[in-house]
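This report refers to the structure that appears directly beneath it.
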There are 4 protein chains.
Amino acid sequence: MATLAPLTSTRSEPRPKSTRRGPKTNKEQRRLSTERLLAAALKLFITQGYSATTVEQIGRAADRTKGAVYFYFGAKAQLLMALLDQAEAVTVEPTIAAVRQRNGTARDKLVAFMHSQSAIGAERGALMMLAILMSTEFHGIDDPIERRLDGLMDRLTNLLQEIVEQGRREGILRTDLGPRETASMLMAVNQGCFVEWYRRGKDLDGPGFVRAMRTIVLDGVGFSGHSTRSDLELGEI
Amino acid sequence: MATLAPLTSTRSEPRPKSTRRGPKTNKEQRRLSTERLLAAALKLFITQGYSATTVEQIGRAADRTKGAVYFYFGAKAQLLMALLDQAEAVTVEPTIAAVRQRNGTARDKLVAFMHSQSAIGAERGALMMLAILMSTEFHGIDDPIERRLDGLMDRLTNLLQEIVEQGRREGILRTDLGPRETASMLMAVNQGCFVEWYRRGKDLDGPGFVRAMRTIVLDGVGFSGHSTRSDLELGEI
Amino acid sequence: MATLAPLTSTRSEPRPKSTRRGPKTNKEQRRLSTERLLAAALKLFITQGYSATTVEQIGRAADRTKGAVYFYFGAKAQLLMALLDQAEAVTVEPTIAAVRQRNGTARDKLVAFMHSQSAIGAERGALMMLAILMSTEFHGIDDPIERRLDGLMDRLTNLLQEIVEQGRREGILRTDLGPRETASMLMAVNQGCFVEWYRRGKDLDGPGFVRAMRTIVLDGVGFSGHSTRSDLELGEI
Amino acid sequence: MATLAPLTSTRSEPRPKSTRRGPKTNKEQRRLSTERLLAAALKLFITQGYSATTVEQIGRAADRTKGAVYFYFGAKAQLLMALLDQAEAVTVEPTIAAVRQRNGTARDKLVAFMHSQSAIGAERGALMMLAILMSTEFHGIDDPIERRLDGLMDRLTNLLQEIVEQGRREGILRTDLGPRETASMLMAVNQGCFVEWYRRGKDLDGPGFVRAMRTIVLDGVGFSGHSTRSDLELGEI
DNA sequence: GATGAATGAGACTTCATTCAT
DNA sequence: TATGAATGAAGTCTCATTCAT
């Protein structure tokens, strides 16, 4: 005569103290805890999303407690902010540097851009995923996090836009689309492919995929034959 | 041991009826309310995400109440399911039909695919966005919704895979990547571009963008010159 | 990246009109609907409890709609009240009459009481169950329903109390307990046994059980030998 | 697409701390809160029923909040489960032990059973009530709680059944009814009397009542004279 | 320096009841 | 006469956050 929620978890039992191995210095302890929490949060955010991840889960995954998150970061959002700092340093700065120091045509610079992003994606895939996924999750929320993400993404988009503009000046790039839109689309393709690649995980040959993606961006799917025909065939939509 | 309403009532005064203009028959009312709720939910889900959208917001946006959502759909998740039914009917079926009835080379079929998807995206963009965004939000959740989304996406990916396989048999498609991976990547590019386009809204020339995207897929960004060189330049990552 | 409620029911589809067979008179229709609703409510209240039963369930079980309940009874509680009227008429009145018209010793009257209650329980078990179970469910709720139930039960308890008092005057009943308490205990035993019997349903020989219960009340479990010993053995608790 | 707290916060001002007097260590605090919550829930469940009791009421009655219940028990149902654990330990185990260590006839064992149950009922009446009332409230619900209750009750019924079977072998017990049914009826009588007694509270002499109940079970209401006659008088029902 | 007990806003959902048709 | 669309109060549960120890 009553409706019950399923009985699964047995809560409330105090977790056994985890024997914390390791260095004794305060500073060292701080660094270690911070790192572990950041790593745990990164993993959870990209697999479950930000709002579906609880502070408790983060603490547990880092072999710490919920309180530790607040002790070190003050708020869940600040933890994400700290990760976005890392993401910017790791996924934006090096690519900007790589493109800037690559003298040559727009094509050369675009190749350098993709080369750099691919390398980063291969080594620090999680941080790249974070920026991409959080951009989706926070899109349209008026919030410091969204602004942070926009700023981060804009730096790459601006970089691409510069390349596109150079390409136009050099006359080696078509102008179907404005420079900003072309840049956005390159970002979108880049990110779409990266997410697909990352999610498929190890069942897919990394370097091969990256090479294929790069080729697609530069030359399309790879049909032999030129596009003019297809444009004609399509007519108006 | 039970709470009674009419005799012990602590209810509030009967609220002022919201003068709802509109049709008189039940069937008509039903259709209208259902449509309004679906439309409101669709808009909110793609701008805020599923879990960030509350049932109350949906009701309010449809000029109804929370209760109306439950009267018609029984659960928030069922409302999403109903929208995914629409999404499948609108964004998957016609493309499959279009590709099937297009006799020709793999290239022709791919053009038909993109043509169809673009047309749908232009007219029913919101439903396309829904499927794409929900796929991200529900990725990795073991849940009927995820399975529904997977099924929906798989139908398109399978279609692309068939095209890719045909292209290989015809010898007009490179084979850097397996057919499945190539299909996935085509999906990713398609979706990445679409999201970017949709979000930029009307400040971007639709047909122009679609044409550009199609070109990118078929021929890359559009640098004049072939890709072989770029491959050589890139070396190994 | 979102948590979902299980997806089971498919709500919101208008139920197909049930082809209502039967008499056409208004009065006849009224009577029939009322009866069906009462019968359905009775069944549900005793199997699920009052508050766990929804008005919609009642309507559906009677092949009517939720609205019909309100049309005929005005409120869920009034439906229960109507059932309690039936219960009183069926389970209280006849027993009172039977005892009153039985001239004889207190023992004779108690036998008449149990005889009557057993017969009613055998034929109108559901209504007896209702009174017993609702007494439990509403116990301690300050509510017209509780007062109604108390009144109903009090009539039987008072009747038993009269019998007990007569038995004392006749000197054929022990006086370990006050008359009121003895009466209450007889009610409790009667009801406890009845619930047990009713719930076991048809896997138990009805008349046999009733006879056994009657015997227990009058003579205990039926050990051969007298109680004096057991009293001595028990000592103080 | 996510709601953030610290940055976009719409939270209210930090509430004034309720100055909670009491022990300082966590373990002590834990024990205290758990106990208070369990005690509050027990009281409310047996006076109002399980589903009529809200989690907020429980928290308030324990000088805590709703949240505390979920912190310690995770779900309302788990709180009841915890109470049923206590009920089993307190009301079942000792009686089983008492009967097992009582060597003698079936009658001796039944006396031991009732002796033990009475003592427990006098000291831990609330827990006995809980098991009895919840059995009614959850009867027919397919639910872990019902299974728990069934298991609990079955242990006592099985014990009684063993006693009854021994009595039959010893030839000192009538066999109107099968052993299982007799055991069930003993349980019903026991419980019916107990509920009645408990509800009348302290306006009733405890030991006197228990003695009377024991007598009833062993020898019936206590009319002088034997039952054979009454059986004949009753005829068939 | 770190913990975990405790809070409370807010989410999803249920359901008795109202009312226009 | 009877329906069913719609409401909103109230309940269960989640979770970011606070704070005493």
Side-chain angles (χ1 to χ4, degrees), chain A residues 3-5 12 14-15 17 26 29-30 33 51 53-57 59 64-72 74-77, chain B residues 3-6 9-12 14-15 17-18 20 24-26 29-30 33 51 53-56 59 64-72 74-77, chain C residues 3-5 12 14-15 17 26 29-30 33 51 53-57 59 64-72 74-77, chain D residues 3-6 9-12 14-15 17-18 20 24-26 29-30 32-33 51 53-57 59 64-72 74-77:
Chain A
T3 328
L4 286 184
S12 96
R15 201 178 316 108
K17 278 275 177 233
N26 274 349
Q29 184 61 264
R30 270 190 95 85
S33 288
S51 65
T53 299
T54 72
V55 175
E56 174 121 35
Q57 286 175 332
R64 295 290 183 284
T65 67
K66 192 171 35 163
V69 173
Y70 286 90
F71 181 72
Y72 286 113
K76 188 185 177 189
Chain B
T3 327
L4 288 182
S9 186
T10 42
R11 291 287 176 108
S12 58
R15 80 219 94 76
K17 266 291 147 193
S18 76
R20 184 82 39 74
K24 296 291 166 283
T25 68
N26 269 345
Q29 184 64 263
R30 209 181 166 77
S33 290
S51 66
T53 299
T54 75
V55 175
E56 186 148 28
R64 296 288 183 282
T65 65
K66 215 172 17 144
V69 173
Y70 286 92
F71 177 71
Y72 283 111
K76 189 185 175 187
Chain C
T3 329
L4 286 183
S12 96
R15 201 179 317 107
K17 279 275 178 234
N26 273 349
Q29 184 62 262
R30 268 191 96 85
S33 288
S51 65
T53 299
T54 71
V55 176
E56 173 122 35
Q57 285 176 333
R64 295 290 183 281
T65 66
K66 192 171 35 164
V69 173
Y70 286 91
F71 181 72
Y72 287 112
K76 188 186 178 188
Chain D
T3 328
L4 288 183
S9 185
T10 43
R11 292 286 178 108
S12 60
R15 79 220 94 78
K17 266 292 149 192
S18 77
R20 185 82 40 75
K24 296 292 166 281
T25 67
N26 269 346
Q29 185 63 262
R30 207 180 168 78
L32 179 65
S33 290
S51 66
T53 299
T54 74
V55 175
E56 187 148 29
Q57 285 174 338
R64 296 288 184 283
T65 65
K66 209 174 22 142
V69 174
Y70 286 93
F71 177 71
Y72 283 111
K76 189 185 175 187

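Numbered from 1 within each chain, the chains take letters A, B, ... in sequence-line order. Just the heavy atoms: all of them, side chains too, but no hydrogens, waters or symmetry mates, feed the values below.
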Handout entry: N or O in side chain of B:Ser33 less than 4.0 angstrom from F:dA6 OP1/OP2
Key = yes
Exercise for the section: Among E:dG1, F:dT1, F:dT17, find the nucleotide with the atom closest to the side chain of A:Ala75. Expected result: F:dT17
Completion exercise
Side-chain contact check for D:Thr54: nearest option of E:dT17, F:dT12, F:dA16 is F:dT12
Practice task
Send over the distance from B:Tyr72 OH to E:dC15 P, rounded to a whole Å.
Solution key: 20 Å
Problem - Minimum-distance pair of heavy atoms, taken over all atoms of B:Tyr72 and B:Ser33 - result: CE1-CB, 3.5 Å
Handout entry: Comparing D:Val69 and B:Glu56 on DNA chain E - which has the more 5′ nearest nucleotide
Key = D:Val69
Exercise for the section: Please lay out, stage by stage, how A:Arg64 and A:Phe71 fare under the test side chain to side chain contact (heavy atoms under 4.5 Å, CB included). Expected result: CA-CA 11 Å; A:Arg64 295 290 183 284; A:Phe71 181 72; over 6 Å; no
Exercise for the section: Measure from the side-chain heavy atoms of B:Ala68 and tell me the nearest of F:dT12, F:dT7, E:dT13. Expected result: F:dT7
Handout entry: Between P of E:dG4 and CD of A:Gln57, the distance in whole Å
Key = 17 Å
Practice task
Could you tell me whether the side chain of D:Val69 reaches within less than 4.5 Å of the side chain of D:Lys66, counting heavy atoms only?
Solution key: no
Practice task
Hey, which sits more toward the 5' end of DNA chain E by its nearest nucleotide, C:Thr53 or D:Gly67?
Solution key: D:Gly67
Handout entry: Heavy-atom donor-acceptor pair, D:Lys66 side-chain to F:dT12 base, under 3.5 Å
Key = no
Handout entry: Selected nucleotide, minimal atom distance to A:Tyr70 side chain, candidates F:dT18, E:dG4, E:dT13
Key = F:dT18
Practice task
Return the nucleotide paired to E:dT21: Watson-Crick means purine N1 to pyrimidine N3 with N6-O4 or O6-N4, wobble means G-U with N1-O2 and O6-N3, both under 3.5 Å.
Solution key: F:dA2
Problem - Nearest to side-chain heavy atoms of B:Thr65, which nucleotide of F:dT17, E:dG4, F:dG8 - result: F:dG8
Problem - B:Lys76 NZ to E:dC12 C1', straight-line distance once rounded to whole Å - result: 8 Å
Handout entry: Closest listed nucleotide, where the reference is the side chain of B:Phe71 and the choices are F:dA16, F:dA5, F:dT1
Key = F:dA5
Exercise for the section: Search all heavy atoms of B:Lys76 against all heavy atoms of B:Thr53 and return the closest pair with its distance. Expected result: NZ-O, 2.8 Å
Handout entry: Per C:Gln29 side chain, nearest of listed nucleotides F:dA2, E:dA6, F:dG4
Key = F:dA2
Problem - d(CZ, A:Arg64; C1', E:dG4) in whole Å - result: 16 Å
